[in-house]
Amino acid sequence: MPELPEVEVVRAGLEPAITGATVTAVTVLDERSLRRHPGPPEDFVDRLTGATLLAPARRGKYMWVPIVPQPPLREPVETQPESAPLPELVEGGSESPSSALVVHLGMSGQVLLREPSVEDRLTRIRLDLAHPDHGALRLNFVDQRIFGSMAIDELVPVTDARSQTIPSQVAHIARDPVDQLFDESAFLRKLAVRKTGIKRALLDQTLVSGIGNIYADEALWAARIHYEQPTNTLSRLRAKVLLGEVRAVLAKALAEGGTSFDTQYLNVNGESGYFAHSLNAYGQQGEPCPRCGRQIIRETFMNRGSHFCPFCQLLRLG
DNA sequence: AAGTAATCCTGATCGC
DNA sequence: TGCGATCAGGATTACT
């Protein structure tokens, strides 16, 4: 479930269930779901098996679970070559983790928490877990289109805060608008010099992360801005209003458990969100605009749909 | 350098 | 019922 609210629903659902659990088995059913793993599938399995999972984190549409690797088995002393002094790298219980399981849901990914041995159709990767308090459980990574992925990646320091880390493959995206450290003035500055349409900019994860096609259309409708309005023609005030609408729609969707059009987009317990009932523009082509009553239309844009009210959301040029 | 199209995929659904 | 076309919530890559 792709956009920020849906990913956050998954992250929040995972947190109490898997934090502190140990991975007992890893089954890769389709290697294409490891396309973002920097190494062969066996490497993914080896690094994850036996590892302990810490509390899941998120930025934008990416989620990751920091992992503490299985402590390496002590080699029998007699096999140690020479007597090279070994660095005391283990016992670092207070050390912060250096790697994480990175999960991206793509267009159709789901993370489902199940009783042991439960199977789900279209499962691409399966993790069997043992939790000290909750016992055994199974995590099925389901993904119809295989645009999503799992990967083990190194955690690197962020550049804009102390003692925070992020997977290296996520480091290039901007913070999301619900992040306390989101740099609003930097976003507005970049927006002002961009030469592109506003929707393209909203979907550019290096400018602001977490927004996808649904919430871009919803926020633009709320702010009464046409999706092709050039970014450099938006006043700072209009841009700030738009950002406010983005935050509002993301928060409301999160409160309602995300958007589910059908059984494909579910939380970790296989349940739908309710925000689909609150959509004003997305998927509402042919329906009356909730504000002015005229028909919402859909246009093809970036190989997908843009939904808007042609009366409320006028393209203003010049 | 920056902006935009092309590409990666499968499965559900719709119209004929 | 069958079959092809269409559509889907994303991000990276390769061009211009």
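Every heavy atom of this structure was used, including side-chain atoms; hydrogens, water molecules and symmetry mates were not. Protein chains get the first letters and strands the later ones, always in sequence-line order, with residue 1 at the start of each.
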> Should the pair A/F44 and A/H37 be assigned to parallel (<30°), tilted (30 to 60°) or perpendicular (>60°) ring geometry?
Replying inline: perpendicular
>> I'd like to check A/D153 versus A/S99 (side-chain heavy atoms, cut-off strictly below 4.5 Å). Are they in contact?
In response: no
> Just how far, in rounded Å, is C1' of C/dA8 from CG of A/D217?
Replying inline: 14 Å
> Between C/dG9 atom P and A/H307 atom NE2, what is the distance in whole Å?
Replying inline: 8 Å
>> Without decimals, in angstroms, what is the distance between A/Q285 CD and C/dC7 P?
In response: 11 Å
> In terms of side-chain geometry, is the basic nitrogen of A/K61 or A/E6 positioned less than 4.0 Å from the acidic oxygen of its partner?
Replying inline: no
> Looking at CG of A/L113 and CG of A/L127, how far apart are the two atoms once the value is rounded to the nearest 0.5 Å?
Replying inline: 10.0 Å
>> Please confirm whether the shortest side-chain N or O distance from A/H104 to OP1 or OP2 of C/dA11 is below 4.0 Å.
In response: yes
>> Does anything in residues 283-305 of chain A form a ring-ring contact (aromatic ring centres under 6.0 Å, His included)? List the pairs, not counting sequence neighbours.
In response: A/Y227-A/F301
> Given atom NZ of A/K199 and atom P of B/dG3, what is their separation to the nearest angstrom?
Replying inline: 19 Å
>> The side chain of A/R304 is closest to which nucleotide in this list: C/dC7, C/dT12, C/dG10?
In response: C/dG10
>> Could you go through A/N140 and A/V111, starting from their C-alpha distance and side-chain angles, then the distance that decides it, and tell me whether this counts as side-chain contact (heavy atoms from CB on, under 4.5 Å)?
In response: CA-CA 6 Å; A/N140 284 333; A/V111 176; over 6 Å; no
> Quick one: CZ on A/R189 to CZ on A/R236, what's the gap to the nearest 0.5 Å?
Replying inline: 8.5 Å
> How far does CG of A/L4 sit from CZ of A/R59, to the nearest 0.5 angstrom?
Replying inline: 12.0 Å
> Would you say A/H172 reaches C/dT12's phosphate, i.e. side-chain N/O to OP1/OP2 under 4.0 Å?
Replying inline: yes
>> Quick check: do A/P230 and A/T196 have side-chain heavy atoms less than 4.5 Å from each other?
In response: no
> Which part of the nucleic acid does A/Y62 contact within heavy-atom distance under 4.0 Å: base, sugar-phosphate only, or nothing?
Replying inline: sugar-phosphate
>> If I take atom CG from residue A/D217 and atom CZ from residue A/R304, how far apart are they, to the nearest 0.5 angstrom?
In response: 9.5 Å
> Does A/T196 have a side-chain nitrogen or oxygen under 4.0 Å from the phosphate oxygens OP1 or OP2 of B/dT4?
Replying inline: yes
> Which ones in residues 206-215 of chain A lie close to DNA chain C, meaning a heavy atom under 4.0 Å from one of its atoms?
Replying inline: A/G212, A/N213, A/I214
> Could A/D176 and A/R58 be called an ion pair, given the rule that one side-chain N must be under 4.0 Å from one carboxylate O?
Replying inline: yes
> Which of these passes side-chain contact (heavy atoms from CB on, under 4.5 Å) with A/I225: A/K199, A/E245, A/R238?
Replying inline: A/R238
> Taking protein heavy atoms under 4.0 Å as touching, what does nucleotides 5-11 of chain B look like 5' to 3' if B marks base contact, S marks sugar-phosphate-only contact and - marks none?
Replying inline: S-BBBBB
What N/O pairs connect the protein and nucleotides 14-16 of chain C at under 3.5 Å? Give each pair on its own line.
none

> For the pair made of NZ in A/K195 and C1' in B/dT4, what is the distance, rounded to whole Å?
Replying inline: 15 Å
> Taking only N and O in the side chain of A/K61, is any of them less than 4.0 Å away from OP1 or OP2 of C/dG9?
Replying inline: no
>> Without decimals, in angstroms, what is the distance between A/D204 CG and B/dA2 C1'?
In response: 11 Å
>> Within this structure, what is the CD-CD distance for the pair A/Q295 and A/E287, rounded to the nearest 0.5 Å?
In response: 8.5 Å
> What dot-bracket string describes DNA chain C from 5' to 3', counting Watson-Crick and G-U wobble pairs whose defining distances are under 3.5 Å, with [ ] for crossing pairs and | for pairs to another strand?
Replying inline: .|||||||.|||||||
> A/F301 CZ to B/dG3 C1': how many Å, rounded?
Replying inline: 12 Å
> Rounded to the nearest 0.5 Å, what separation is found between the OG atom of A/S149 and the CG atom of A/L34?
Replying inline: 8.5 Å
>> At 4.0 Å (heavy atoms only), tell me whether A/R194 reaches a base, stays on the sugar-phosphate, or touches nothing.
In response: sugar-phosphate
> Once you round it to whole Å, what is the distance between P of B/dT4 and OH of A/Y227?
Replying inline: 13 Å
Atom pairs and distances, donor-acceptor, side-chain atoms in residues 274-282 of chain A, under 3.5 Å, two or more places apart:
from, atom 1, to, atom 2, distance (Å)
A/S278, OG, A/E256, OE1, 3.0
A/S278, OG, A/E256, OE2, 3.4

